[in-house]
Amino acid sequence: MSQTISRRDFFGAALAAAVLPAAARSASPGPKRIVAGTRVLEVNGRPARVFGLVGPDGRSGIRLAPGERFHVELANETGVRTLVHWHGQLPPWTQDGFPWPQTPPLAPGETHAYDFAPIPGTFWMHSHQGLQEQSLMTAPLIVRDAAELREDRQEVVLMLHDFSFRAPDELLAGLAGISDAAAHAMARMIENVPAPGGNAAKPHSMMAMSPGMTAAPDMSNGAGTGMPGMPMRGFSMTGMGAMRMDLNDVDYDAFLANDRTLADPEIVRVERGGRIRLRIINGASSSQFWIDLGELVGRVVATDGHPIHPVIDSRFPIAIAQRLDILIDLPRAGAFPILARLEGTGRQTGIVLATAGAQIPRIADNAQAAPPLDNSLETRLAAVTPPLARPADLVQTISLGGGMKPYAWSMNGEYWPRTTPLMLSKGQRVEIELVNHSMMAHPIHLHGHAFQVVAIDDRPIQGAVRDTVLVTPMMGSVRIAFDADNAGRWAFHCHNLYHMMTGMMMEFRYQGIAA
Ligand SMILES: [Cu+2]
């Protein structure tokens, strides 16, 4: 995994520069290309057409060397309009990949350039256009740093997804109790961008599959499974309130780890006694997991890409859109499943770390049920480099509301896009108190800023710096603090795709930025 440049490479490059024409010499390395396109996965033995984001090395997403700029050319080869958000990165707002009127989606065939200094860590990218994220328009965005490379650990990326053979519009229609056409219109409207002449390709029809690929319609699962979480070994249930909360709105056909199920999991070759940096990304649209390292012990050293003081454990919650960097030192030769268990159910997915010749166990995709996610880990986290302590200039409470019937979710009682922006001034220290009045947990994400978690359920902490935090149901609360240092228009929303689509989003807008 060494990224160092040898002396020979260096002098070779210097020699090449000396003989190149001056114009070529002065040019910086060209942009790296990411192609948004479609691909066919096999899931549960059946083909499924999904989106993909393929980087310059032919793999999903992009990996940048220490100090390298995020200099990317995004090519839209999907055949439909799309726009990709660089989740957790802090670019100028016009490069954030959110479909504001000033930054519309890319037309089919269009390319768009991005160039900013990325922050190091485990990040990801996903479409912010319509429901494309559910169709796997998601990929890792890894920015290495020099200290990590000196550690010389094997990097293992584990990206989680929830998967349905049904079209995303159909899933939304089932939840909201509306027609597929109305759900499609809702997915368009939410983006706040006028349709270009009304003849844009339709994601739904593009995603339609051949007869052999289409699942039998099953509209019976719209109302959520509301699983009462049963304790599993190594977990404790916190209160019987868990019996009443809503979990898992969508009944998925599969849960994927690096695009595969446990029927045919990815086997990652590792060395006996190997040292691993596991980068876990919850890229699911509507599913939250417990990471279960089995017999292994891990040290979480970063959340959402930002370093924390290490926390040692074998089981870790990961809310939608969050990331965990976990260091693992393998104790011996063998096969080590790394599992992700869907909260409130026994369903699971994962990968297997295996030394050469190890017997690979057959792992069922159903096991003892995992409890609902909670903030037990969050309360144990402390940022390595927290923002300077200072009093808040602006304190704002934002209440999270909504429910299953009717299926609609709100912030401060308002539903995107008919929401009131929170106006910020550059230089302010802002504190947001999130209070969850609903029966469901919400993973809340702020674009363009990293915030520190400074209280959970009214108990002050000097917590993690991150970009997505879970607010637990039934009056759970989380207070976050950040500096208003990135002027622009920024989305603030629940990262459950269907909650966002049915209203749980608002704007943080800086003074002086035109709507
Ligand atoms: Cu939500």
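In listed order, ligands and their atoms are each counted from 1. Values below: every heavy atom of this structure, side chains too, minus hydrogens, waters and symmetry copies. All values reported here derive from a predicted model rather than from experimental measurement.
Salt bridge Arg347/Asp162: absent, no basic N to carboxylate O contact under 4.0 Å. We find that Asp313 and Arg380 are joined by a salt bridge, their nearest charged nitrogen and carboxylate oxygen being less than 4.0 Å apart.
Side-chain contact of Asp96 with His128: a donor-acceptor pair under 3.5 Å is absent, judged by distance alone.
Here the two rings, on Trp416 and His493, have centers that are 6.0 Å apart or farther.
Protein atoms of type N, O or S found under 2.8 Å from the Cu ion (ligand 1) total 3.
Phe51 pairs with exactly one of Arg39, Met137, His126 by the side-chain contact (heavy atoms from CB on, under 4.5 Å) rule, that one being Met137.
Put simply, the side chain of Gln102 gets close to the backbone of Ala514: a donor and an acceptor are under 3.5 Å apart.
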